[in-house]
Amino acid sequence: MNKKVISALLAASMMTTMLAGCASGGSDNAAATDASTTAATEAAADTESTDAAPADSTGKTVGISMPTKSLERWNRDGSYLQKQFEDKGYKVELTYSDNKSAQQNNDIEGLIADNVDLLVVAAIDGEALSQVLDEAKDAGIPVISYDRLIMNTDAISYYVSFDNYTVGQLQGQFVADQLDLENQDGPFNIEFTAGDPADNNAGFFFNGAVDVLQPYIDAGKLVVPSGQTKFDQVATAQWDTATAMKRFQNILGSYYSDGTQLDVALCSNDSTALGVTQAIESDYAGSNQVLITGQDGDEANLKNIVDGKQTMTVYKAVANEAVVTLDLATAMLNGETPDATLIDKSGWDFDCSYDTTSYDNGTGIIPSYLLVPTVVTKDNLDDALVTPGYYTKDSDGYLHPVG
Ligand code: GAL
């Protein structure tokens, strides 16, 4: 594994203890994850080296605006990003905005007022940041749209994410393979749960999955008893677990209480999959194991995968996303205009593509660095997550994120 990534992983637990001191953002910050620091992790962190280390990073400040600590992955993103930048001599201001768009606007205004040199922003509402990012632009502060594309502003220079459409395709293809839909007639019953309409990623995930599964729906091999097949019908505000649970309890009560078998719950991510799993546990009359998809590798979901309650998750190595963001930001702050050559220059040992066609934010195409997601099931948990150092495994076989 890339030395930079190993270092980020090993040292991230140390960073989580520092989050509360570095972040602002009210109640969200109280949820900082506890993690212990070991001499070993500190020693490993000290050995980090980066080929593309900037000569002039010292004294520069990067403002990082994350959406919320209530969704697990953003805690890991914040830790990794902070660690990456600080190890290169940058100062970091990290904010979490409690999933409140108005608060994120205020937090970004604060970062601009603090004269940060660059902003990394994962939007709560991709449509709600145009004005504040115009202020950043006026102040000459470049902006990287992190993980979620920020819409309707020409203030953002680059987008760093995973291939979001592929995430959905992996989920859809997993369902097709597991049910052997090429050869089996079914019909199998499926219900969809998608993400937050305010998150530009959510449509990509949903469309990726539906594009794979639609031919089987058209052929009558897959049936949606609720009839809820449109994104707006299946979306989940703020990716909220309880919201997903309540909607699914209603579906089970309305369409499955007569003994109809549910075969698949296609969920766009782990926080929604958690709610759907809870609904199935409490309100599903059937006894079959429902195939449930997810995304992120959240701790509770990995436990459910080990326990056989969730079937798969699509894992996105956010440690690598932080590495790409650091090297991109460094190039930008060094006055370069990064393009596809950044990938070769940086020497990452993970796959990443440079995309100049897929992500139009309403002002034009935003050049994008897209990492590659991985399917994780009970069968490859160790190889995909433990061996690379992203998670540790306890004596009961459950996984715990590093960072
Ligand atoms: C998306 C992100 C997913 C998931 C979701 C909820 O934007 O790409 O990985 O975490 O938000 O936080």
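Keep in mind it's a predicted model, so treat the numbers as computed, not measured. Start at 1 and go down the list; that is how both ligands and their atoms are numbered. These numbers come from the heavy atoms of this one structure, side chains and all, not from hydrogens, waters or symmetry mates.
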Under 3.5 Å, is there a donor-acceptor pair between the side chain of Q249 and the main chain of D283?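 Pair absent, no side-chain N/O of Q249 close to backbone of D283.
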
Tell me, yes or no, whether the heavy-atom count around D351 atom CG, taken from other residues, nucleotides or ligands under 6.0 Å, exceeds 12.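 No, because the 6.0 Å sphere around CG of D351 holds 12 heavy atoms or fewer from other groups.
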
Ring centers of Y369, Y354 separated by less than 6.0 Å: yes

Pair K230 + D232, salt bridge at N-O below 4.0 Å: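 D232 and K230: not salt-bridged.
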
Pair D327 + K88, salt bridge at N-O below 4.0 Å: no

Would you sort out whether N75 and Y96 count as a side chain to side chain donor-acceptor pair (under 3.5 Å), showing the intermediate values? CA-CA 9 Å; N75 296 275; Y96 283 88; 4.7 Å; no

For ligand 1, list every N/O pair with the protein closer than 3.5 Å, one pair per line with the distance.
{"residue": "ligand 1", "atom": "7 (O)", "partner": "R148", "partner atom": "NE", "Å": "2.7"}
{"residue": "ligand 1", "atom": "7 (O)", "partner": "D199", "partner atom": "OD2", "Å": "2.5"}
{"residue": "ligand 1", "atom": "7 (O)", "partner": "N201", "partner atom": "ND2", "Å": "3.1"}
{"residue": "ligand 1", "atom": "8 (O)", "partner": "D147", "partner atom": "OD2", "Å": "2.7"}
{"residue": "ligand 1", "atom": "8 (O)", "partner": "N201", "partner atom": "ND2", "Å": "3.0"}
{"residue": "ligand 1", "atom": "8 (O)", "partner": "K316", "partner atom": "NZ", "Å": "2.9"}
{"residue": "ligand 1", "atom": "9 (O)", "partner": "R73", "partner atom": "NH1", "Å": "2.9"}
{"residue": "ligand 1", "atom": "9 (O)", "partner": "D296", "partner atom": "OD1", "Å": "2.7"}
{"residue": "ligand 1", "atom": "9 (O)", "partner": "K316", "partner atom": "NZ", "Å": "2.9"}
{"residue": "ligand 1", "atom": "10 (O)", "partner": "D296", "partner atom": "OD2", "Å": "2.7"}
{"residue": "ligand 1", "atom": "11 (O)", "partner": "R148", "partner atom": "NH2", "Å": "2.9"}
{"residue": "ligand 1", "atom": "11 (O)", "partner": "D199", "partner atom": "OD2", "Å": "3.4"}
{"residue": "ligand 1", "atom": "12 (O)", "partner": "W74", "partner atom": "NE1", "Å": "2.9"}
{"residue": "ligand 1", "atom": "12 (O)", "partner": "R148", "partner atom": "NH2", "Å": "3.3"}

